[in-house]
Amino acid sequence: MDMITITGTVENIIFSNDDNGYVICEVDSAEEGQFYAVGYMPSVSEGENAELTGSWVTHPEYGEQFKVELYRTVMPSDEQSILKYLSSGVVKGVREATAKKLVEAFGTGVFDIIMKEPERLAEIKGISREKAGMISRSFCEQRVVQNIIMFLQQYSISPNIAVRIHKIFGDGAVEAIKQNPYALADSVEGITFRTSDMIAYNMGFPKNSPMRIRSGIIYFLKDAAYSNGNVYLPRQLLIEHTVYELKVRETEAENELTELIASRVLRLDKIDGLEACYLSNNYYDEQYIADRLTAMVRAEQRYNMSEDRAEAEIDEFEAEHGITLAAEQRSAVVTALAGGCMILTGGPGTGKTTTINTIIELLEKLKLNVALAAPTGRAAKRMSLISGKEAKTIHRLLCAQIVNGAHVFAYDEENPLKADVVILDEVSMVDTSLMASFLRAVKPGGKVIFSGDSDQLPSVGPGNVLHDMIDSGRIPVIKLTRIFRQSEESLIIMNAHRINKGMPPELSDHTKDFFFMRRRDPDSAVRTVLELYKQRLPKTYGIDPVCDIQVLTPMKKGPSGTAELNRLLQQHINPPGGEKKEYRYGKSIFRERDKVMQMRNNYDMPYTTEDGGDGTGIYNGDMGTIDSIHTEDKYMVITFDDEKIVEYPFNDLDELALAYAITVHKSQGSEFPFVIMPVCAYLPMLMSRNLFYTAITRAKNMVILVGSEKTIMNMTANNSYTKRFTGLSERINRAARAAERSLAQSDERTDEE
């Protein structure tokens with residue numbers, strides 16, 4: 001089909017999708033008269049002159065339309081078109097009344113005045129010098145951003161991402177991309193190496209371009225970190241992967257890898273007998289964790305006490321409260337009071353809460369400043385409830401913020417936390433980067449008590465920090481194993497421990513808190529999940545399904561994956577109708593009263609609280625409810641579980657998802673009154689014991705499994721997991737051996753003296 005180009009004025013925008021830039025508009029052209037244009041025309045505005053390239057098509061219902069393949073804007077040149085353009089609101093601070101004044105004062109030269117002599121705008125009544133500057137800045141930025149959007153539209157990059165690109169590369173973004181399209185993948189979240197590679201290919205870059213190979217290597221390491229949790233990749237594996245994926249020669253891959261190592265973009269080390277290639281930040285983070293933990297274990301901490309005194313403090317505590325700690329609990333308390341850092345681990349029902357609360361009370365009795373923290377808002381909230389003390393997320397504790405476009409923490413080595421002791425819960429969720437940032441903020445001489453269940457899933461991000469800390473054998477570990485009498489009555493707890501030992505769970509029908517409902521296939525299992533969620537559980541227990549029930553599943557795709565379950569649950573629990581507003585974003589529909597989850601860290605998202613407080617930061621895993629949707633102003637109000645109230649812009653909706661059903665990975669650190677889990681045939685990598693164990697232990701009052709008994713048995717039996725490439729355990733041992741050698745040499749010098 002032949003492509004033609006038509007120039008015309010956009011008279012009326014009939015439909016516009018802010019998510020992908022798809023527009024239906026009415027165009028007036030001297031060549032073709034009035035017609036409808038359809039296609040991807042991001043940021044097009046009424047009154048603009050547009051140069052449209054495409055072809056005529058016939059819609060079965062709406063008739064002849066011009067299907068736009070490419071477009072570019074041409075600034076309007078006559079006064080009537082300029083007035084319509086400025087009245088559209090595309091320029092901040094200018095509406096119809098102001099637009100009339102500007103056109104009356106400056107005529108067709110108004111755009112030159114706005115760009116080159118903005119101070120003259122203040123000649124108009126009602127426009128201050130400050131407002132004149134704002135109008136000029138908005139106009140110039142809008143033109144620059146629009147040029148970037150138009151340049152990138154040919155590569156199917158959305159307007160939202162184009163705006164991010166402008167923030168990173170500034171006004172010279174187009175030239176920077178033309179010189180090195182791979183800089184997009186290296187610098188912009190949401191753009192993959194594949195997208196950069198496609199742009200480079202269309203620009204004529206050869207497949208063995210050095211910048212392509214270097215960018216590919218960096219991408220493969222990042223993907224290994226954030227898709228599979230690997231802190232490094234063995235050098236030979238990285239070379240082989242680069243050769244296979246990029247279709248280049250081994251010598252070419254070797255040369256560029258050597259260049260990246262020489263320039264210290266990557267670091268090379270020896271781990272487990274392998275040459276290990278690290279992204280520099282992962283290398284330094286892992287090394288810092290090892291060095292700091294070793295120093296904390298070995299140093300005579302300011303707040304430590306002798307074991308005899310710790311025992312005496314416990315005796316006094318037991319007498320005062322009329323309780324007797326189990327031997328394991330007592331050992332944990334002594335270790336916490338006497339050492340610089342320790343790890344407390346154990347499954348449900350083993351007295352971890354009592355142990356931590358005892359430690360907190362004894363530390364506070366010594367007049368120490370104790371801070372409590374956890375990786376997620378829900379985990380911090382649960383920690384607060386069980387301890388009666390304020391607990392914060394790690395990000396909030398460290399005061400995460402954006403400085404010059406970069407995410408930083410206010411508390412670090414130069415500005416450490418004031419807390420004498422920090423108790424960090426749910427450590428299995430903490431990845432390498434976050435652990436390094438946390439330890440940098442602990443003041444010299446400070447004490448840290450790590451708490452977590454080492455049998456749960458590892459962190460979503462790179463590393464297996466808790467496992468490696470325990471595996472090193474260099475950090476004091478107390479594992480609670482005794483199940484207390486009151487917990488023995490809970491089949492959730494008993495089955496969690498059975499599963500953890502590889503024993504099949506008891507699937508009795510005569511229980512108060514653990515049920516199994518056999519279903520032959522995924523479709524019937526899903527129907528039962530919907531029935532339980534909407535009718536049976538709320539009717540039987542008088543609960544609010546949205547607040548009290550959480551559906552967990554290992555998968556995102558498939559009939560029992562989160563995408564399909566959320567669609568069906570939303571349809572059943574929160575259907576359209578009445579005065580409820582909704583907004584479609586891509587394939588998702590967000591509706592007032594929907595349950596939602598934040599899917600990425602957004603450090604600069606502002607929020608308020610009911611008590612009048614404010615701050616910034618919504619984090620991966622935060623859950624909430626949509627209170628209201630404001631389509632004209634393009635935002636929705638969401639109240640998150642940690643009582644943050646956010647005016648959530650539509651532009652950021654790619655970071656939000658429905659949360660009636662969530663993956664087991666996303667549930668880590670949370671506790672829900674009722675958990676429903678479809679147990680159908682899953683991918684082999686998801687049929688694991690630790691995933692099943694993690695899901696079961698998220699429930700406080702009841703677990704209901706729906707599906708196949710065979711799946712339950714297979715998941716319980718499968719104790720294999722994909723080993724992550726991490727070096728923390730070995731680094732801790734190296735650091736400990738180096739400290740021992742240094743001490744021995746110091747002792748030798750002392751003897752000689």
Side-chain angles (χ1 to χ4, degrees), residues 347-349 352-353 374-386 391 393 425-426 428-429 452-453 456-457 460 487 490-493 495-496 499 505 511-517 528-538 540-555 560 562 565-566 569-570 572-574 593-599 619-625 639-643 657-679 690-706:
K352 199 161 53 176
T353 297
T376 67
R378 292 183 73 91
K381 189 173 183 178
R382 185 161 65 114
M383 197 179 187
S384 294
L385 289 172
I386 65 177
T393 63
D425 199 16
E426 297 289 353
S428 62
M429 297 178 64
D453 189 341
Q456 288 186 25
L457 291 168
V460 174
S487 298
S490 167
L491 200 55
I492 294 176
I493 291 175
N495 274 339
I499 291 165
T511 179
K512 296 179 181 179
D513 64 356
F514 194 102
F515 296 90
F516 170 60
M517 303 177 73
T528 300
V529 169
L530 297 177
E531 182 186 351
L532 287 165
Y533 195 103
K534 183 181 180 181
Q535 298 169 342
R536 293 176 63 173
L537 290 178
T540 303
Y541 298 98
I543 59 175
D544 179 345
V546 176
C547 295
D548 297 320
I549 303 174
Q550 186 60 59
V551 178
L552 301 182
T553 177
M555 302 176 67
S560 59
T562 55
L565 283 171
N566 273 315
L569 286 163
Q570 182 193 49
H572 280 70
I573 298 299
N574 193 26
R593 297 202 292 274
D594 269 338
K595 184 177 183 178
V596 292
M597 174 180 274
Q598 178 73 11
M599 305 303 284
Y619 303 111
N620 189 355
D622 286 354
M623 297 176 74
T625 305
T639 300
F640 285 91
D641 286 346
D642 51 3
E643 300 174 353
L658 292 175
Y660 299 102
I662 62 175
T663 63
V664 178
H665 280 86
K666 287 290 185 183
S667 75
Q668 286 179 269
S670 299
E671 185 177 68
F672 310 99
F674 292 76
V675 166
I676 305 172
M677 182 179 178
V679 282
N690 64 347
L691 185 144
F692 190 30
Y693 172 79
T694 301
I696 297 302
T697 55
R698 298 310 88 204
K700 182 179 181 182
N701 299 336
M702 184 179 294
V703 169
I704 304 176
L705 305 177
V706 184

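Not measured: the values here are computed from a predicted model.
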### Message
In the structure I gave you, are the side-chain heavy atoms of T376 and M429 within less than 4.5 Å of one another anywhere?
### Response
yes
### Task
Look at the side chain of D425 and the backbone N and O of A374, then say whether any donor-acceptor pair between them is shorter than 3.5 Å.
no
### Query
Hey, what do you get for CG (N701) to OH (Y541), rounding to the nearest 0.5 Å?
9.5 Å
### Task
With sequence neighbours excluded, tell me which residues meet side chain to side chain contact (heavy atoms under 4.5 Å, CB included) with S670.
R378, F672
### Query
Does some side-chain heavy atom of F692 sit less than 4.5 Å from a side-chain heavy atom of V664?
no
### Query
Can you tell me how far the CE atom of M555 sits from the CG atom of L565, to the nearest 0.5 Å?
11.0 Å
### Query
Who are the side chain to side chain contact (heavy atoms under 4.5 Å, CB included) partners of T353, not counting sequence neighbours?
N357, I386
### CD on Q456 to OG on S428, rounded to 0.5 Å
4.5 Å
### Message
I need the C547 SG to M623 CE distance, nearest 0.5 Å.
### Response
10.5 Å
### Query
Would you say S384's side chain and A391's backbone share a donor-acceptor pair under 3.5 angstrom?
yes
#### Entry: Which atom of P678 lies closest to which atom of V551, heavy atoms considered
CD-CG1, 4.2 Å
### Query
Among I543, L537, V675, which residue meets the side chain to side chain contact (heavy atoms under 4.5 Å, CB included) test with M702?
L537
### Message
Given F516, which partner from the list V706, V679, N495, V703 fulfils the side chain to side chain contact (heavy atoms under 4.5 Å, CB included) test?
### Response
V679
### Task
Can you measure from CG (L552) to CD1 (I662) and round to the nearest 0.5 angstrom?
5.5 Å
### Query
Can you name the residues that form a side-chain hydrogen bond (donor to acceptor under 3.5 Å, both in side chains) with Y660, not counting sequence neighbours?
D594
#### Entry: S560 backbone acceptor or donor facing T553 side chain under 3.5 Å
yes
#### Entry: Within-4.5 Å side-chain heavy-atom neighbours: H665 and L691
yes
### Query
Could you give the distance from CD1 (I704) to CE (M517), rounded to the nearest 0.5 Å?
7.0 Å
### Summary
Residues pairing under salt bridge (charged side-chain N to carboxylate O under 4.0 Å, His left out) where one sits in residues 658-675, two or more places apart or in two chains, turn out to be R382-E671
### Task
Check side chain to side chain contact (heavy atoms under 4.5 Å, CB included) between A657 and all other residues, then give those that pass, not counting sequence neighbours.
M599
### Query
Backbone N or O of Q570 within a donor-acceptor pair of the N574 side chain at under 3.5 Å?
no
### For the student: nearest non-hydrogen atoms of Q668 and L457, plus distance
NE2-O, 2.8 Å
### Task
Ignoring hydrogens and angles, tell me if any N or O in the side chain of N566 forms a donor-acceptor pair with the backbone of L658 under 3.5 Å.
yes
## Note on the structure
side chain to side chain contact (heavy atoms under 4.5 Å, CB included) filter on A496, not counting sequence neighbours, yields P348, Y693, I696, T697
### Query
Of all heavy-atom pairs between D513 and S490, which one has the smallest distance, and what is that distance?
OD2-OG, 2.8 Å
